[in-house]
Number of protein chains: 2
Amino acid sequence: MSKTKKQLVFEAAAELFMEKGYLAASMREIAKKVGLEQASSLYNHLKSKEEVLIKICLENAERFINGIAAVEQTSSTPIEKLKALIHLHISIATEDRTSVTVFNDEWRHLSEPHLNDFLTKRKDYENRFKKIIESGIASGDFKAVDPTIALYTILTSIRWIHYWYKPGRSQSVVDLERDVFVLLVEGLKN
Amino acid sequence: MSKTKKQLVFEAAAELFMEKGYLAASMREIAKKVGLEQASSLYNHLKSKEEVLIKICLENAERFINGIAAVEQTSSTPIEKLKALIHLHISIATEDRTSVTVFNDEWRHLSEPHLNDFLTKRKDYENRFKKIIESGIASGDFKAVDPTIALYTILTSIRWIHYWYKPGRSQSVVDLERDVFVLLVEGLKN
DNA sequence: ATTTAAAAAACGAATGTGCGTTCGTATGCA
DNA sequence: TGCATACGAACGCACATTCGTTTTTTAAAT
């Protein structure tokens with residue numbers, strides 16, 4: 001089953017959003033990228049430019065929330081849970097680079113009520129991530145650092161991967177993950 | 001010595017660039033922010049919108065390069081040098097929030113030749129930072145991780161601070177720095 | 001297979017808007 | 001008087017989007 005034109009259009013838009021930023025990417029450029037002469041032709045496949053941004057941001061938010069829900073339901077140690085979350089971030093960042101870039105950097109151009117939706121979901125994710133760190137501190141597995149500082153340091157430190165990673169190198173992802181575990185988990189361990 | 005109107009204009013522009021992004025911040029909004037009715041009045045104080053972006057990006061690049069040059073000239077251990085660099089990033093991020101945000105996120109809207117200037121300087125900084133990590137690995141002070149992975153993980157992990165930090169809390173910066181040292185340096189130590 | 005009707009997709013012109021910037025003029029301070 | 005600053009109108013441009021029309025594709029009927 002090959003991709004529909006609609007899928008192609010959405011993917012081209014995501015790529016251009018990643019390369020130039022949401023505002024700098026014009027409908028005319030997106031059209032050219034999928035072989036259309038006129039930007040107006042795009043409107044047979046999408047409702048608006050923002051529709052694409054909304055889809056990317058909300059789909060990725062769901063992905064992260066589903067991921068952390070799965071982690072929460074295991075009976076692993078806090079260390080294992082943290083590793084699973086880092087793995088989640090690295091997986092998503094390497095499997096769907098363009099979407100993650102847009103999700104990370106362009107959400108601020110969402111209009112209401114989508115912006116509020118997005119920020120609520122992200123806050124929820126952060127809170128649940130922080131709870132896992134706090135449980136590790138409480139159990140003595142982790143050092144007694146400020147959980148918020150640990151949370152954002154870890155979350156942010158993974159945000160360079162989608163920028164650095166080039167597709168088609170599955171082995172290097174394993175090496176990458178091993179080193180990131182060393183850097184981020186060993187530092188936190190007691 | 002109070003601030004000149006030009007300084008006020010540049011600062012207001014930087015703040016708006018931080019809040020909304022460079023492209024979304026309009027000259028008309030900047031004018032309003034400094035009490036001018038007309039955007040055209042701004043042009044008595046600046047040459048163009050991009051002039052402000054160029055100034056912010058290049059000044060900050062210089063700041064980081066001067067900072068790492070000072071660290072290189074000491075005879076400290078790699079561990080001490082790494083701590084000094086993290087301190088440098090945290091200092092700049094807390095002392096000049098708006099500039100660092102723009103420097104981090106908006107440089108891509110520079111036009112040539114400024115974009116090339118900027119990227120060259122940044123690459124130089126990264127290479128020198130990486131050398132320090134490599135020397136720590138060679139001396140056995142650091143674990144034998146991939147230096148590039150360590151570099152970007154550390155560099156990126158500090159990029160949430162300007163977003164989180166609110167001015168007027170000098171004590172918390174000390175605590176912040178202590179916890180960031182634990183997370184990033186301890187993980188790398190052998 | 002060929003024809004035919006409907007649906008989907010592409011076109012091209014046009015609309016309205018907001019943008020950065022220029023210019024001539026007016027104001028106010030030294 | 002002269003200089004820096006502010007004003008307000010105007011310019012040209014690129015943008016997202018709309019609309020009516022034409023072309024292409026699809027699927028059913030002959």
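Numbered from 1 within each chain, the chains take letters A, B, ... in sequence-line order.
Under 4.0 angstrom from either OP1 or OP2 of D/dT5 there lies no side-chain N or O belonging to B/Lys6. B/His45 has no side-chain polar atom (N or O) that falls below the 4.0 Å cut-off from OP1 or OP2 of D/dA4.
The nearest whole Å value for the distance from the NZ atom in B/Lys47 to the C1' atom in C/dG20 is 15 Å. When rounded to the nearest whole Å, the span between CG of B/Leu42 and C1' of C/dT22 equals 14 Å. The distance between atom CG of A/Leu53 and atom P of D/dA16, rounded to the nearest whole Å, is 13 Å. Whole-Å rounding puts the A/Leu46 CG to C/dA8 P distance at 16 Å. Atom OH in A/Tyr43 sits roughly 7 Å away from atom P in D/dA16 (whole-Å rounding).
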| message | Run the side chain to side chain donor-acceptor pair (under 3.5 Å) test on A/Ser111 and A/Glu50 for me, step by step, so that the C-alpha distance in whole Å, both residues' side-chain angles and the decisive distance to 0.1 Å come before the verdict. | response | CA-CA 8 Å; A/Ser111 68; A/Glu50 197 188 4; 2.8 Å; yes

| request: Please lay out, stage by stage, how B/Lys121 and B/Glu126 fare under the test salt bridge (Lys or Arg N to Asp or Glu O under 4.0 Å). | output: CA-CA 9 Å; B/Lys121 287 194 168 74; B/Glu126 289 176 358; over 6 Å; no

| task | Can you check each nucleotide of nucleotides 7-15 of chain D against protein heavy atoms at under 4.0 Å and return B for base, S for sugar-phosphate only, - for none, in 5' to 3' order? | result | BB------B

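Every residue meeting the side chain to side chain contact (heavy atoms under 4.5 Å, CB included) condition with B/Arg128, not counting sequence neighbours, appears here in chain and number order: B/Ile65, B/Ile68, B/Ala69, B/Glu72, B/Asp124. In this structure, the salt bridge (Lys or Arg N to Asp or Glu O under 4.0 Å) partners of B/Asp105, at least two apart in sequence or on a different chain, are B/Arg159.
A side-chain donor-acceptor contact under 3.5 Å links A/Ser157 to the backbone of A/Ile154. Remark: the backbone N or O of A/Asn116 is paired with a side-chain donor or acceptor of A/Glu112 at under 3.5 angstrom.
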